[in-house]
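See below for the structure under consideration.
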Amino acid sequence: MAFLEVKGITKLFGGLTAVDKVSLQVEKGEIVSIIGPNGAGKTTLFNMLTGVYTLSEGEIIFEGKIIHNRTPQEIVQAGLARTFQNIRLFAEMRVIENVLVGMHINTHYTFLDLLFRTKKFRSVESEKHRTAVEILESIGLKDKMHNYATNLPYGDQRRLEIARAISTNAKILLLDEPAAGMNPQESEELLRFIRGLRDKGYTIILIEHDMNVVMNISDRIYVIDHGKKIAEGLPAEIANNKKVIEAYLGRSE
Amino acid sequence: MVLQQLSNGLTLGMVYALIAVGYSLVFGILRLVNFSHGSVYAFGAHMAMLFVSMQFGIIPAFILSIVLTGILGIAIDKMALAPLRAKKSKGIAALITTIGISYIIQNVLMITFGSQTKFFPKLFDFGSIYIGGVAFNTTQICISGVSLMLLLILSCVIRYTKVGLAMRAVEQNQKAANLMGIDVNFVVTFTFFLGGASAAIAGTLISGYYQIVYPNMGFVAGLKAFSAAVLGGIGVLYGSIFGGLVVGISESFAAAYLGGSYRDAVAFLILIIVLLIKPTGLFGKKGITKV
Amino acid sequence: MKEKLSNLSNRINAFIESNKKIVYPVLAILILGLPYVGSSQYILRIIIMIGVYSMLSLSLGLVTGYAGQVSLGHAAFYAIGAYVSALVSISFNLNFFITAPIAAFIAGICGLLLGLPTLRLSGTYLAITTLGFCEVVRMVLLNWESVTRGPLGISRIPKPSFLGIELTISNFGLYYLMVAFLALTTLAVVAIVRSKMGRALMAIREDELAATMMGVKTTYYKVAAFVISAFFSGLAGAFYAHMIRFIDPNTFTFDTSIMILSIVILGGMGTIGGMFLGSALLVSFPEVLRFLQEYRFVVYGAVLVVMMRYRPQGILGGQKKTPYKLPKGGG
Amino acid sequence: MLSIRNINTHYGNIHALKGISLEVKQGEIVTLIGSNGAGKSTTLGSITGLLKATSGEVWFKGQNITNASPSEIVKMGISLSPEGREVFPALTVEENLQLGAFTRKDKKGIKESYERVYELFPRLFERKKQTAGTLSGGEQQMLAIGRALMSSPQLLLLDEPSLGLAPNLVLMIFELIQSINKQGTTVLLVEQNANMALSIANRGYVLETGKVTLSDDAKALSNNESVRKAYLGHI
Amino acid sequence: QSSSKIKIAVAGPLTGDFAEYGTGFKNAVELMVEEWNKKGGVLGKQVEVVVFDDKNNGEEAATIAEKIVADKDIKAVIGHFASGVCMAASPKYQEAGLVEMSPSASHPDYTKEGEFIFRNNTVINVEAKVAVDLATKTLGKKKVGILSVKTDWGTKTAEITKTLVKDAGGEVVAHQEVVDGTIDFSPNITKLNSAGAEVVIVAAMYNSLAPFATQYKAVNPKIELVGFSNAYSQQLIDLAKGSAENIHFPTIFFHGSADPKVAEFVKAYKDKYGSSPSSLTAQAYDSAGMILQAIKNAGKADRTAIKDELYKMNYPGVTGATKFENKIGDAVKTFTMVKVQNGKFVEVK
Ligand SMILES: Nc1ncnc2c1ncn2[C@@H]1O[C@H](COP(=O)(O)OP(=O)(O)OP(=O)(O)O)[C@@H](O)[C@H]1O
Ligand SMILES: Nc1ncnc2c1ncn2[C@@H]1O[C@H](COP(=O)(O)OP(=O)(O)OP(=O)(O)O)[C@@H](O)[C@H]1O
Ligand SMILES: [Mg+2]
Ligand SMILES: [Mg+2]
């Protein structure tokens, strides 16, 4: 069985079928992209994977365990973390604090530890701060760690979202349009960064409209249209798939 | 007796509803709980009393008080709240500002009029009507009538006019409303005028009903009306009327069957229970935030 | 002007930061020596009340300032603490130092009872529920006559006594007791906010859903904040009851709740120092403004309005310019 | 038509625009490029009156609009499709569009505009009654652009219109910009996709940390070595 | 001890919801002091009144009590208003040994704090007896309803009234309680009326009694009402108009009293402040008189001496003769019975 196995999941909003019996498999260490026209149901798919929405139908199995009936917190614990298409940072918190919140689930000390500032508390805190700074450095935000998230320009906010997701120590990262709002130069940097993540052992599921990024980085691609999976395959196959070109890519550049 | 208590409760409920509409209106547009509303209501009542005592006649006094209180509403916004909006500060700062304003209004009323309870002439009295042994005071009926009419007019304004559309837009997203060419400040001013005017209407009618006015009259009534507005789903106008009725009737029955000292507790208990079952009030809609 | 002010506060902060070893001991000596520098009992009582409100606002600050859950009914916990301690000490003839923790504990349990069901609510709906809870508590105090003595209130509450010495304002005992309680509260609150719990609370304030998606158990933390907050408010209530020695349901009204909330917001949400500053200002203003006679509360209201207008984020609130302080060995 | 003269804009202590001057002539497509945080959105905000420049002047059609309110500026014929979409979440798609035409009085013209927007974005027509807050990201972007078009502006400001749109729609948007420009609307375009922006623009400005560092013909810019390096990517 | 000044403090609500009462206190005390000062002051010194606002808030009252006791020139305090507020401050006065004379405190425990704590107010059980007599004898009704405010005074009064009604051979058909500040009495009236009350004894101040009377008489014009002395105020008639007719009261202060002192006081008060004094105001006036008299009797302005003299005194004031018995600071009073007739208070014979 695959690392992450999505079996025929469906989401209804009233009369609208936003996601329609979609199945996917993701293997460990892969970068899998999900593309499709606007309103195809990609973000909704992420929302189901991360427990924001309950499924209308189907099941999600991660590392052999059913996770679709778990709370969002349990799903993060299990190892799926995400970024948001509409940036949702902790606006009035500092950049580094955003990352530290991301580390919340693996910051282990008890209430008494924190109340009495025990040795354990101090060592865990300084270790987490060190890791946080490392993560920020790796994504190029170390200089801005004292800033408040809300004051960052759009592109940096996107980066910070990724940093925050990484910091949960997740096994799978679900990135929803991380390159949106970046210029080609910047998205290229991002691309390198994401590759680096994979090399470190992360599995990545990516939603992206920037074909430069998608085609260059993905191991495999799924295409969704109107809630249904219409194609899957290697980047080269997808790029030449008639259906995909018609529904999504438009005339090639 | 049960019927009589029901009728008592209905009137009381209409009283709350009348005040609650003002809360809902301002909240509906600005997402701001206007804590000065209770004292604005007291201000309206005092103005009406003042003009009546100056021999203006009841109707002109009523109208003058509505206009003046509406202007007070505008002044509150222009002087205290608009600067906060310009700074894009959090709603909670505005909450404290309105608390400060209510201190000012209430104490100024006290200094000018004294803290004692004063007489207010009866507005319209055509005696009581008896239906099946239950007494309906005509004043009660008038209060209900006016509340319903006010609500109807306000609902129509918000639903069907351009100003109404602008009001809803400002509620949703002020920045975008600006970009649409909506004069946000005007819309807010207009809202505060309506809020003030409705408070004056409520203040005058209710004072006429109980025939008394006093500077602190807005405090308890304001709290109850606020909870009525929340109970009905704050921001939803017809919800306010309904919430007002629920609070009024439950209070009336609690006072009769549990004792008068329980009435306030029961009103709040019902509020809490309703909110626990339906966290956005009876008619409130959940905020839409797509992830 | 404003720039200068905020620069000043920054510089003060920086000074404190860099001279920790000197500043804190000096401060401690100042606080401990205060009653001996010839301040009158009148001033001392005001200072003690500032302490009481600092405790209250520190604890509400956890819920409102850090977790972003506005409560309009915090006086309820204050009242519960006061009543429990007063009643227990009178009925069982127990020492204040036993009854006060009991009172705080029971207030904490009430915080749990309120917190658990109401945390589905948010914003205005939560605010009105807490207000309602406070009114219900007041009505219980008023009507449950067999226990609370209803409108008669509780009179002749014993003074706190320590090793057989009755603590009063004149022998400075109450002052030092206050200092101890406040220190306890402050240390606990500081410990909480400078930890993963504090960060979790702030994350909830900023974006509850995003916090959830980071694995923060939002309900747990909100309830925990409520309970801790109720605990310390209850402790403040116990202290107050034994200091003032008479309490009745009118002692703890909506006005008290509003006062506490005003301090939190005026001082600056999500700050510790702001709570002290806010308490000092709002408790002393009515006294300072006494010369205005009946205009006292007109001006008081105006002060609130003006302060919010010029510093809507609160006196010490808003974004700080000082860099984030990394723990030793971190980063 | 639009002329910005030496404006400075601050966010509190942050000096975001440091003396920017630029010019948009009637009938042009002008593009602003620059990396993250360069001040592009801030520039647009300062033109529309959402942000107040601390010094400098903004002129539009011979009038000084530096201190005009946003609503006055919209009435004069400037319309912005903002960064972050800024739709009215609880209102329906239709009501959002209706608000786009808030300053217009010509019923017939408005109706035509509706039809045009729906024709451009059939998806919006399908979702006429859906509340805007539940639209997908791309759908909201369509709505934001459609809404800006509803006022039939003389000067259209677009802040990253292609953001979050599928490739086929991106192509369509750029075609759209060209076509409305041909019909007489002047466009000031902020784009990350500098390649495409320069390909349809007449002129361009390069912003770096709050300053204009380059301004030239669009062609010249896209051939400029340093621009290519910094903004156009190598892929 | 031989300081140059004699100061009397007035402490009460001058701001907030109860400002009218504090203002009444202040006016009355100033009037009394002015009269003494005109006659040369006390012990040859002019007396000064210092006023402290407590907003009717216990916390503030305790704070200003500190301020008051620290001023050695202050020889006694007249105030505070509500019992709860008085009792928050009284431990301080007792501890410092300064007389606190409240014209209004009604809590049974108030004077138990110590011997420096006095009140010049009626004592509940005596007054309730008169009220019940009015209801059952004067008005001759047997079916009695009770309305009381849920304050220390109202609750205690209602409790005592209940037993007294039974002793007088009447029947309490219904008892309704309301919280202070209630203005809508319809549910209570419905209840009282359907229980068949012929007379309602109302333990509430004028601002509740007036709307209650108005609302009740709209439902049942034949109902008889009996109030208490703290509702004795011109305001009652101004507010309730015709509905105030035939409300009966016990009172210790009566405008129309044959005593020339009273007429003089009422005239002086009206001339100076433009309104007529209420019962509580008159009680404050006498409180000041007692303090000044005590200083005079003691021959020295000494805090403790004032207390001692008060216990020896039998003061003839506008609220009748007052004395304090058995070293307890509760004033013993005699009552007059009045009713409203043709828009005026008249004595009931
Ligand atoms: N809560 C909701 N209620 C109703 N419809 C919804 C809701 N959420 C999403 N939809 C609809 O479901 C469809 C799928 O939305 P989704 O956000 O998943 O699209 P997407 O593939 O992420 O698109 P994009 O690329 O534009 O972000 C859209 O048409 C959207 O309008
Ligand atoms: N609300 C704000 N508060 C403080 N600083 C801000 C704020 N908004 C923007 N800034 C700062 O102003 C500068 C310019 O930001 P602006 O948003 O105009 O950049 P941009 O060029 O549009 O970038 P992007 O491509 O990311 O959208 C940045 O340094 C940013 O950090
Ligand atoms: Mg999406
Ligand atoms: Mg931008």
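Naming: A, B, ... by sequence-line order, numbering from 1 per chain. Computation of the quantities below employed the complete heavy-atom set of this structure, encompassing side-chain atoms and omitting hydrogens, waters and symmetry-equivalent molecules.
- Contacts of Leu32(B) with chain C are absent, with no heavy-atom separation under 4.5 Å from either backbone or side chain.
- Contact of the Ile234(B) side chain with the Ile128(C) side chain is not registered, since no non-hydrogen atoms from C-beta on lie closer than 4.5 Å.
- The parts of Tyr262(B) that come within reach of chain C are both its backbone and its side chain, each placing non-hydrogen atoms under 4.5 angstrom from that chain.
- Interatomic distance, Leu304(C) CG to Ile101(B) CD1, rounded to the nearest 0.5 Å: 10.0 Å.
- Counting heavy-atom pairs under 4.5 Å between each of Arg309(C), Met307(C), Met269(C) and chain B puts Arg309(C) at the top.
- Ranked by non-hydrogen atom pairs under 4.5 Å with chain C, the options Gly233(B), Pro83(B), Pro279(B), Ala86(B) are led by Pro279(B).
- Considering all non-hydrogen atoms of both residues, Lys87(B) and Tyr310(C) come closest at NZ-O, 3.3 Å.
- For the atom pair Ile272(B) CD1 and Thr118(C) OG1, the distance stands at 8.5 Å (nearest 0.5 Å).
- Enclosure of atom NZ in Lys217(C) is not indicated, since only 12 or fewer non-hydrogen atoms of other residues, nucleotides or ligands lie within 6.0 angstrom.
- Residue Thr129(C) holds its OG1 atom at 11.5 Å from CD1 of Ile273(B), rounded to the nearest 0.5 Å.
- A 6.0 Å sphere centred on OH of Tyr257(B) holds more than 12 heavy atoms belonging to other residues, nucleotides or ligands.
- Counting heavy-atom pairs closer than 4.5 Å to chain B, the top residue among Val298(C), Leu209(C), Leu131(C) is Val298(C).
- For a residue to count as touching a neighbouring chain, one of its non-hydrogen atoms must lie under 4.5 Å from one of that chain's; by this rule Glu294(C) touches chain B with backbone and side chain alike.
- Val33(B) touches chain C through its side chain: at least one heavy atom from C-beta onward sits under 4.5 Å away, while N, CA, C and O do not.
- To the nearest 0.5 angstrom, Met308(C) atom CE is 11.5 Å from Leu81(B) atom CG.
- Interface remark: Tyr300(C) contributes side-chain atoms only to the contact with chain B (heavy atom separation under 4.5 Å).
- The contact between Tyr295(C) and chain B is made by backbone and side chain atoms together, counting heavy-atom distances below 4.5 Å.
- In this structure, chain C has no heavy atom under 4.5 Å from any part of Met110(B).
- Across Ile111(B), Thr97(B), Leu84(B), the residue that shares the most heavy-atom pairs under 4.5 angstrom with chain C is Ile111(B).
- Between atom CG of residue Leu223(B) and atom CG of residue Leu72(C) there is a gap of 9.0 Å, rounded to the nearest 0.5 Å.
- The nearest pair of heavy atoms linking Pro312(C) to Ala93(B) is O-CB, 3.4 Å.
- Test Leu271(B), Leu231(B), Leu275(B) against Tyr125(C) for side chain to side chain contact (heavy atoms under 4.5 Å, CB included) and you get one pass: Leu275(B).
- Atoms OH and OG1, from Tyr23(B) and Thr124(C) in turn, are 12.5 Å apart once rounded to the nearest 0.5 Å.
- In terms of heavy atoms, Phe35(B) sits closest to Phe254(C) at CE2-CZ, 3.6 Å.
- Among Val305(C), Ile258(C), Asp255(C), the one residue that satisfies the side chain to side chain contact (heavy atoms under 4.5 Å, CB included) test with Ile99(B) is Ile258(C).
- Around the CZ atom of Phe193(B), the shell of radius 6.0 Å holds more than 12 heavy atoms that belong to other residues, nucleotides or ligands.
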